[in-house]
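Note sheet for the following structure.
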Amino acid sequence: MIKIMEYGQVARDEIFARQESTVDVSAIVADIIEKVRTGGDRVVLDLCKQFDKADLSALEVTPAEIDEAFGAVEPKFLDILRAAADNIRDFHKRQIRNGFIINDKDGIVTGQKVTPIEKVGLYVPGGTAAYPSTVLMDSIPAKLAGCREICIATPPGADGKINPVILAAAKIAGVDRIFKMGGAQAVAALAYGTESVPKVDKIVGPGNAFVAEAKRQVFGRVAIDMIAGPSEILVIADGNSNPAFVAADLLSQAEHDKMASAVLVTDSRALADAVAQEIEVQLEALPRRDIARASIDNNGKIIVADDLDEVFAVANEIAPEHLELCVDDPFAYLDKVENAGSVFMGRYCPEALGDYYSGANHTLPTSGTARFSSPLSVDDFVKKTQYTYYTKNALLRVAEDIAYFAEKEGLSAHARSATIRLGSEDK
């Protein structure tokens, strides 16, 4: 049964605590990374056989396999994938950033140019579920950014094949290359390169504890998007909300993972009690009820606050990945939201809209990192380079000031690099 707490009557660490995994996989991951770094394809293939039970002769998916998979997916789902992809493109194309130039001072030009990251690797989880939505969400912004090569790594099944819906989504999104590999070994292969896997410049995408730890360990050799934790949702709901709707939305995240977190914050004790009962009813009908039950029992919470101002204070403290505003006029409350990855507005906007279809990205900051992080976007696939140009006369006007500043920091060579040009002849 989900826990119901009165805000202000329990310790804050009890309200905001979430059961976390205590398993340390860092040593295992470090060993895998080193083996892949030195052994290349052979090690990745061996690990694929060990962990995924797939006996492969090659890592890369062939064009024939992609065409076969595309033909195996029902036309209705292909149409839905195309519609979702169109929505994602429409949302993210507005994030495309241009450079700028400032030349409003005599003899001075400064500016910034925006360049796509050349090669990116996208990790798409496998295991208990296939996620074509992640393919679309991660690859379309990279495509819009202009990345030259977009590679996907995703674990195969025991038959050595990738789920057809993953390959269909990749084709629709315009992915360049797809590799049959998962776990820490996939991250290592992308970070260091192998005989068949290109070394990329950035790795993005969610994964299990081994994937997250591998991303942490290769950071610095390559860029990463974030260290993603278990999925989480926080629903803000007032007393007029439908408890069945709220319960369904909480369970939509609880079924992801036993470590997922589902939280309701409300100003209505009656709603809190009704939602708790409704969760029990709906749980019994879920195919993934064992996963959802563990999530609800371990990490689920209903927090009852005195009023909506206090409700939003609680939500901002938690800084959730997904935030639903189940109120009559959600736009009136949007400015109260300070920390959240993605916000779903109104009583008819379930978080699942963002997972699949609305176009806003579903790769989001977790574990409270929405306090300082943002959803995946086109910005994640570009880099900015700034530039400065001064004529001789423009430099001479400020050379003494530059030198004075440098001397304050004890850097006399910096100072001299400016003053040495005073009175010099043009070269």
Side-chain angles (χ1 to χ4, degrees), residues 1-19 230-283 286 289 291-328 330 333-334 336-337 339-355 364 366-368 370:
M1 190 87 172
I2 194 168
K3 298 179 285 291
I4 301 178
M5 303 175 173
E6 297 284 345
Y7 186 66
Q9 296 180 10
V10 291
R12 290 177 64 81
D13 59 352
E14 184 180 351
I15 289 178
F16 300 120
R18 185 172 71 183
Q19 185 183 50
S231 187
E232 56 197 40
I233 187 170
L234 188 148
V235 178
I236 287 177
D238 61 20
N240 295 324
S241 298
N242 185 322
F245 291 2
V246 175
D249 293 354
L250 294 172
L251 289 170
S252 74
Q253 294 307 292
E255 74 170 352
H256 263 301
D257 185 326
K258 291 180 179 180
M259 298 301 297
S261 174
V263 177
L264 166 64
V265 188
T266 181
D267 60 348
S268 168
R269 179 67 197 218
L271 179 72
D273 292 335
V275 169
Q277 294 300 320
E278 186 65 31
I279 286 174
E280 295 302 310
V281 172
Q282 293 187 27
L283 258 173
L286 290 180
R289 60 181 172 273
I291 294 172
R293 164 60 69 193
S295 168
I296 289 295
D297 288 350
N298 293 331
N299 301 316
K301 298 179 184 70
I302 298 176
I303 301 170
V304 181
D306 289 339
D307 52 41
L308 284 179
D309 285 339
E310 194 169 74
V311 164
F312 278 93
V314 175
N316 284 323
E317 177 75 17
I318 293 175
E321 177 187 15
H322 307 100
L323 174 63
E324 287 190 7
L325 302 185
C326 294
V327 293
D328 287 328
Y333 295 95
L334 185 57
K336 291 182 177 290
V337 177
N339 302 321
S342 193
V343 184
F344 300 85
M345 312 278 285
R347 304 189 196 281
Y348 290 88
C349 191
E351 183 277 331
L353 270 170
D355 274 347
L364 303 167
T366 61
S367 305

- Item | Least distance between heavy atoms, N240 atom then R347 atom | CB-NH2, 3.6 Å

- Query: Taking side chain as C-beta onward, heavy atoms only, is E255 less than 4.5 Å from S295?
  - Reply: no

- Query: Does V263 reach the side chain of I303, with side-chain heavy atoms less than 4.5 Å apart?
  - Reply: yes

- V314 side chain reached by E317 side chain, heavy atoms, under 4.5 Å: no

- Look only at the side chain of N339 and the backbone of N316, and say whether a donor-acceptor pair between them is shorter than 3.5 Å. yes

- K3 bridged to D297 by N-O distance under 4.0 Å: no

- Query: Can you check whether P230's main-chain N or O pairs, donor with acceptor, with D257's side chain at less than 3.5 Å?
  - Reply: no

- N298 and K258: CA distance, side-chain angles, deciding distance, side chain to side chain contact (heavy atoms under 4.5 Å, CB included) verdict: CA-CA 8 Å; N298 293 331; K258 291 180 179 180; 5.7 Å; no

- Message: Give me the atom names and distance for the closest heavy-atom approach of L364 to S342.
- Response: CD1-CB, 3.7 Å

- What one should report as the nearest heavy-atom pair of L271 and D238 is CD2-O, 3.2 Å

- Task: Scan L308, D309, V304 and name whichever one has a side chain to side chain contact (heavy atoms under 4.5 Å, CB included) with D267.
- Result: L308

- Side-chain contact, heavy-atom cut-off 4.5 Å: I236 with F312? yes

- Message: Just by distance, no angles: are the side chains of Q253 and E351 close enough, under 3.5 Å, to form a donor-acceptor pair?
- Response: yes

- Message: Which heavy atom of P330 sits nearest to which heavy atom of D328, and what is that distance?
- Response: CD-O, 3.4 Å

- Cationic N near anionic O, under 4.0 Å, E6 to R269: yes

- Quick one: pull up CD in E324 and CD1 in I233 and give me the separation to the nearest 0.5 Å. 4.0 Å

- Query: Within a strict 4.5 Å, meaning less than it, do heavy atoms of the V265 and V235 side chains meet?
  - Reply: no

- Query: Side chains of E321 and T366: donor-acceptor distance under 3.5 Å anywhere?
  - Reply: no

- Message: To the closest 0.5 Å, what do you measure between CG (D249) and SG (C349)?
- Response: 9.5 Å

- Note on the structure: For A319 and A370 the tightest heavy-atom approach is O-CB, 3.8 Å

- Evaluate the side-chain proximity of H322 to L234: yes if any heavy-atom separation is below 4.5 Å, no if none is. no

- So do D306 and Y7 actually touch side chain to side chain, heavy atoms under 4.5 Å? no

- Any Lys/Arg nitrogen of R293 or E280 sitting under 4.0 Å from an Asp/Glu carboxylate oxygen of the other? yes

- How many angstroms lie between CE in M259 and OG in S367, if you round to the nearest 0.5 Å? 9.5 Å

- Looking at CE of M1 and CD1 of I302, how far apart are the two atoms once the value is rounded to the nearest 0.5 Å? 7.5 Å

- Message: To the closest 0.5 Å, what do you measure between CE (M345) and CG (L323)?
- Response: 9.5 Å

- Query: Are L251 and L283 side-chain neighbours, meaning at least one heavy-atom pair lies under 4.5 Å?
  - Reply: yes

- Identify the heavy atoms of V311 and T266 that sit nearest to each other, and give their distance. CG2-C, 3.8 Å

